[in-house]
Amino acid sequence: MPNLTVLHPKHLAAKAKMVDFFGWEMPINYGSQIEEHHAVRQDAGMFDVSHMTIVDVTGNQAQQYLQYLLANDVAKLQKKGKALYSGMLNEQGGVVDDLIVYYFDVSNYRLVVNSATCEKDMAWLNQHAKEFDVSIQQRCEFAMIAVQGPNSKAKAANVFSAAQREAVADMQAFYGVQAENLFIATTGYTGEAGYEIIVPKDYACELWQRLLDAGVKPCGLGARDTLRLEAGMNLYGQDMDENTSPLAANMGWTIAWQPQTRNFIGRAALETQREQGTQQLVGLSMTDKGVLRAGQKVKTSAGEGVITSGTFSPTLGHSIAMARLPQTNEQTAQVEIRKKWVTVNLVKPSFVRNGKSVL
Amino acid sequence: MSNIPNELRYASTHEWVRPEGEGVFTIGITEHAQELLGDMVFVELPDVGDEVGAGDDVAVAESVKAASDVYAPITGEILEINEELADSPELVNADAYGDGWLFKIKAEDPAEIEALLTADDYAGSIEDE
């Protein structure tokens with residue numbers, strides 16, 4: 001039996017095409033993936049992300065624990081509700097998972113980790129919690145809905161209470177706040193403004209319906225993938241995994257090297273990798289016909305690499321990809337598409353932000 | 001169950017064939033095929049005048065999900081291609097048996113169509129998938 005989110009009946013009612021996503025039966029689209037993509041870039045769309053794992057970390061040593069567990073430094077978080085993106089590394093410097101951590105105070109944090117890695121992550125969190133005065137609690141009583149797009153905040157305001165509207169009124173990007181029954185965060189995975197809303201399961205279907213009634217379009221995992229790739233955001237398991245250095249996954253910016261005295265899991269291995277150099281994750285842009293796909297071979301004079309994620313970009317009207325390659329200063333690369341070698345442009349792995357091309 | 005019009009013939013590789021008279025046949029991909037592929041983003045068509053053999057890969061339907069070869073169901077010459085698809089590949093999704101047609105073939109032997117699947121046969125073949 002697959003896992004079902006509490007919103008499953010809403011997806012069926014909307015005639016979603018359901019697929020297996022690492023043991024979860026999730027909507028891939030509700031008719032047209034491209035229309036859903038455009039809804040998020042131009043108006044407002046919503047995703048059921050209830051399959052993701054919410055974990056609360058509390059206790060006297062919560063801060064020390066997370067400083068040891070994560071490559072980014074939670075000591076950077078000073079304002080209540082502030083969020084941080086980080087990799088969680090193994091001793092070899094590979095990525096166990098990527099996650100968002102919310103800070104409430106030094107003894108109280110919330111993590112949101114991936115669904116496909118849930119069991120492994122919980123084991124990892126618990127294993128390392130033994131040496132700290134912390135409590136690790138998975139919060140299975142919640143569902144999660146991401147509402148994204150230029151009009152998403154205005155539309156979501158229609159379904160919020162007065163207190164919730166006030167709580168989010170001046171909230172900057174990358175914060176979260178508990179407002180009555182909802183935890184509302186200004187985070188996302190699309191490159192657009194919006195909210196990720198953690199909602200008690202028994203209210204989730206009603207909230208989904210109210211968002212629908214407010215004109216927010218349901219969007220599936222298909223659009224979620226093209227949106228995140230346009231935004232240059234990694235997908236765990238595809239663009240990086242336990243055998244990938246964050247330095248080779250465009251995650252160098254998430255490593256807090258300072259202070260030198262902070263020891264975190266994977267630090268020693270990362271320092272060696274930094275000295276020796278790693279491959280790099282780059283963007284590819286192809287304006288010719290055809291679609292770049294994960295697994296296709298890439299060549300530059302510096303050597304061979306591979307596409308980790310590739311798609312047709314509905315916003316740009318041509319194909320884009322992320323590829324892991326040996327370091328190079330070249331402007332172009334060759335990609336093998338259906339037995340033909342095609343020239344593509346090498347770009348920064350970020351393609352669209354706030355509805356506009358950044359190429 | 002997707003729509004499988006009775007008056008058409010089918011290939012097991014999900015092409016449909018419509019006789020237009022005088023040995024001319026219109027070819028497209030089935031409703032079932034476009035559902036499997038999802039939103040179409042590019043359709044690569046053969047050139048008018050190409051000589052094609054039954055079973056040759058002559059076109060590519062590229063969707064958000066995958067690139068899929070399209071095979072010529074019968075032998076003959078490409079008489080016409082659907083130029084609209086260059087700018088509107090989504091016609092294949094919206095109207096697989098109508099505006100989303102791919103190309104027309106002038107058949108070398110119009111009787112070749114008798115070897116293709118009937119609507120019932122095709123319905124049976126996709127049930128087994």
Side-chain angles (χ1 to χ4, degrees), chain A residues 15-21 26-41 45 217 219-230 238 286-296 307 309-321 335-340 342, chain B residues 1-3 13-14 29-48 50 52 55-72 81-100 102-103 126-127 129:
Chain A
K15 297 203 161 59
K17 184 172 178 194
M18 305 300 286
V19 296
D20 173 73
F21 184 77
M26 299 297 289
I28 185 83
N29 65 60
Y30 299 80
S32 167
Q33 174 178 335
I34 290 180
E35 278 173 27
E36 292 160 25
H37 180 105
H38 290 315
V40 172
R41 286 277 176 255
K217 188 178 174 69
C219 301
L221 293 178
R224 191 167 165 78
D225 192 52
T226 50
L227 288 158
R228 70 92 193 167
L229 187 46
E230 283 186 352
Q238 191 148 344
M286 180 176 76
T287 49
D288 294 343
K289 274 196 172 190
V291 182
L292 303 165
R293 310 269 183 194
Q296 287 169 348
I307 291 181
S309 286
T311 194
F312 173 77
S313 159
T315 306
L316 301 173
H318 60 76
S319 186
I320 57 171
V335 179
E336 188 179 22
I337 304 176
R338 298 163 61 78
K339 295 177 188 156
K340 278 184 219 154
V342 179
Chain B
M1 193 70 209
S2 59
N3 179 22
T13 44
H14 308 292
I29 65 168
T30 65
E31 182 86 18
H32 176 69
Q34 71 80 17
E35 276 173 11
L36 286 181
L37 284 166
D39 288 351
M40 219 53 73
V41 293
F42 296 114
V43 182
E44 220 179 284
L45 295 171
D47 292 325
V48 170
D50 283 359
V52 300
D56 292 354
D57 54 300
V58 293
V60 181
E62 183 126 27
S63 73
V64 286
K65 196 168 137 190
S68 178
D69 287 320
V70 178
Y71 301 92
I81 58 172
N82 186 353
E83 309 271 3
E84 298 289 317
L85 298 181
D87 290 326
S88 306
E90 68 277 7
L91 290 172
V92 175
N93 300 109
D95 192 7
Y97 299 114
D99 292 343
L102 300 187
F103 50 86
I126 61 179
E127 251 169 46
E129 276 179 2

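Reminder, nothing fancy here: chain letters follow the sequence lines and each chain counts from 1.
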Practice prompt. Would you give the length of the straight line joining atom CG of B:D39 to atom CD of A:E36, rounded to the nearest 0.5 angstrom?
Written response: 8.0 Å
Worksheet entry | Reported CD-to-CD distance for the pair B:E90 and A:E35, which is rounded to 0.5 angstrom | 9.5 Å
Worksheet entry | Closest contact, heavy atoms only, B:A67 versus A:R338 | CB-NH1, 3.4 Å
Practice prompt. Count the heavy atoms belonging to other residues, nucleotides or ligands that lie under 6.0 Å from CD of B:E84, then report whether that count exceeds 12.
Written response: no
Discussion item. Nearest 0.5 Å, please: how far is CG in B:N93 from CD1 in A:I34?
Written reply: 8.0 Å
Worksheet item: Can any side-chain N or O of B:K65 pair as donor or acceptor with the backbone N or O of A:G222 at less than 3.5 Å?
Response: no
